[in-house]
Amino acid sequence: MVKIEPLAKFILSFEGGFVNDPKDRGGATNKGVTIGTWRQQGYDKNGDGRIDVRDLRLISDADATEILRRCYWRRCRADEINDQSIANLLVDWLWISGTPAVTITQAILGVKADGIMGKNTMAALNRQNPEAFFSRLKARRKLYYERLAKNKPSQKRFLAGWLRRLDGIRYGSLVDNRGREITW
């Protein structure tokens, strides 16, 4: 059975604290959670009647992990994925890039690329040879980042970090931002 905890440790090791880089398409972000995602959750962390950047600055690792579970892990139906490494690779990609992670995965699988991890997508995913599919999906994710940096020059500055993070997602383990191996 796949588990969210190894992936949450990995993601939090890369995400760090609050940033508001004007070139980052996600806008204000803390622990990898964007202000847009935080607002969708409707959680006024400081109780001032507004859901804003001040709330985002207050989120904890537990808050970020819960967002990961609710908005990304569940969207990928990761509990139904037979292989932890594939779940890690796919959910982390969705966390960073949004819907293209799902639609590109669906295109590779040869199912309708609608961005919804439905029963046909799950069945096709779980029929794959896990290690071979992991390699194929990882290579496609790398290509996605390279194309994004080429087509949107403002994003090129993030490419090295995206690729370094992707390199830490390995079949059978994760390597966090400090070089520590995470296994399950």
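- Contact of the Phe18 side chain with the Val33 side chain is not registered, since no non-hydrogen atoms from C-beta on lie closer than 4.5 Å.
- Ile35 and Leu68 fall within the same hydrophobic cluster, defined by Ile, Leu, Val, Met, Phe, Trp and Tyr side-chain heavy atoms under 4.5 Å apart, directly or through other members.
- Between the side chain of Thr29 and the main chain of Val19, no donor-acceptor pair closer than 3.5 Å is present.
- A donor-acceptor pair is defined here as one N or O able to donate and one able to accept, closer than 3.5 Å; such a pair exists between the side chain of Gln106 and the backbone of Asp114.
- Of all heavy-atom pairs spanning Lys3 and Pro6, the tightest one is O-CD, 3.4 Å.
- To the nearest 0.5 Å, atoms CD1 (Ile81) and CG (Asn126) are separated by 7.0 Å.
- Taken to the nearest 0.5 Å, the CG atom of Leu109 stands 10.0 Å off from the CE atom of Met122.
- Expressed to the nearest 0.5 Å, how far NZ of Lys9 lies from CD1 of Ile4 amounts to 12.5 Å.
- The shortest non-hydrogen separation linking Ala87 to Leu7 is O-CD2, 4.5 Å.
- Checked by atom type and distance alone, the side chain of Thr34 never pairs as donor or acceptor with a backbone atom of Gly32 at under 3.5 Å.
- The pair Asp176-Arg178 does not meet the salt-bridge criterion, since no charged nitrogen lies less than 4.0 angstrom from a carboxylate oxygen.
- Under the 4.5 Å side-chain criterion, counting only non-hydrogen atoms from C-beta, Leu148 is in contact with Trp162.
- Using a 4.5 Å heavy-atom cutoff, the side chains of Leu174 and Trp184 are in contact.
- Side chain of Asn177 to backbone of Phe14: no donor-acceptor contact under 3.5 angstrom is found.
- The side chain to side chain donor-acceptor pair (under 3.5 Å) search around Glu181 returns Ser173, not counting sequence neighbours.
- Shown here for Leu94 and Ala101, the closest heavy-atom pair between the two residues is N-CB, 3.5 Å.
- Counting only heavy atoms from C-beta outward, the side chains of Trp73 and Val2 approach each other to under 4.5 Å.
- The CD1 atom of Ile96 sits 6.5 Å away from atom CD of Glu15, with the distance rounded to the nearest 0.5 Å.
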Inset, instruction - Let me see the working for Lys45 and Asp63 under salt bridge (charged side-chain N to carboxylate O under 4.0 Å, His left out), right down to the final yes or no. - result: CA-CA 10 Å; Lys45 185 118 173 125; Asp63 293 328; 2.8 Å; yes
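- Connection of Ile116 to Leu125 is not established within any shared hydrophobic cluster, with ILVMFWY side chains joined at heavy-atom distances below 4.5 Å, either directly or through further cluster members.
- Hydrophobic clustering of Ile, Leu, Val, Met, Phe, Trp and Tyr side chains at less than 4.5 Å, counting indirect connections, unites Tyr145 with Phe158.
- A heavy-atom distance below 4.5 Å is found between the side chains of Leu166 and Lys142.
- For Arg170 against Phe134, the heavy-atom pair with the smallest separation is C-CZ, 3.5 Å.
- Looking at every heavy atom in both residues, Thr183 comes nearest to Gly172 through CG2-O, 4.4 Å.
- Rounding to the nearest 0.5 angstrom, the gap separating the CZ atom in Arg140 from the OG1 atom in Thr105 is 9.0 Å.
- When the side chains of ILVMFWY residues are joined at heavy-atom separations under 4.5 Å, either directly or via intervening members, Tyr171 and Val175 end up in two distinct hydrophobic clusters.
- For the pair Leu56 and Asn30, the tightest heavy-atom approach, listed with the atom from each and the gap, is O-ND2, 2.9 Å.
- Screening residues 90-108 for salt bridge (charged side-chain N to carboxylate O under 4.0 Å, His left out) gives Asp92-Arg141, Asp92-Arg165 as the qualifying pairs, with residues at least two apart or on separate chains.
- Ring geometry for Trp38 versus Tyr43: interplanar angle of 30 to 60°, hence tilted.
- The main-chain N or O of Ile169 is found under 3.5 Å from a side-chain atom of Lys138 such that the two form a donor-acceptor pair.
- Atom CD1 of residue Ile86 and atom CG of residue Asn88 lie 10.0 Å apart, to the nearest 0.5 angstrom.
- Although no hydrogens or angles enter the test, the distance criterion places no donor-acceptor pair under 3.5 Å between the side chain of Asp44 and the main chain of Ile51.
- Neither Leu58 nor Ile67 shares a network with the other; the hydrophobic side chains, linked directly or stepwise wherever heavy atoms of I, L, V, M, F, W or Y lie under 4.5 Å apart, form separate groups for each.
- The shortest distance between side-chain heavy atoms of Leu90 and Met117 falls below 4.5 Å.
- Here side-chain hydrogen bond (donor to acceptor under 3.5 Å, both in side chains) pairs that include residues 147-158, with residues two or more places apart or in two chains, are Asp21-Arg157.
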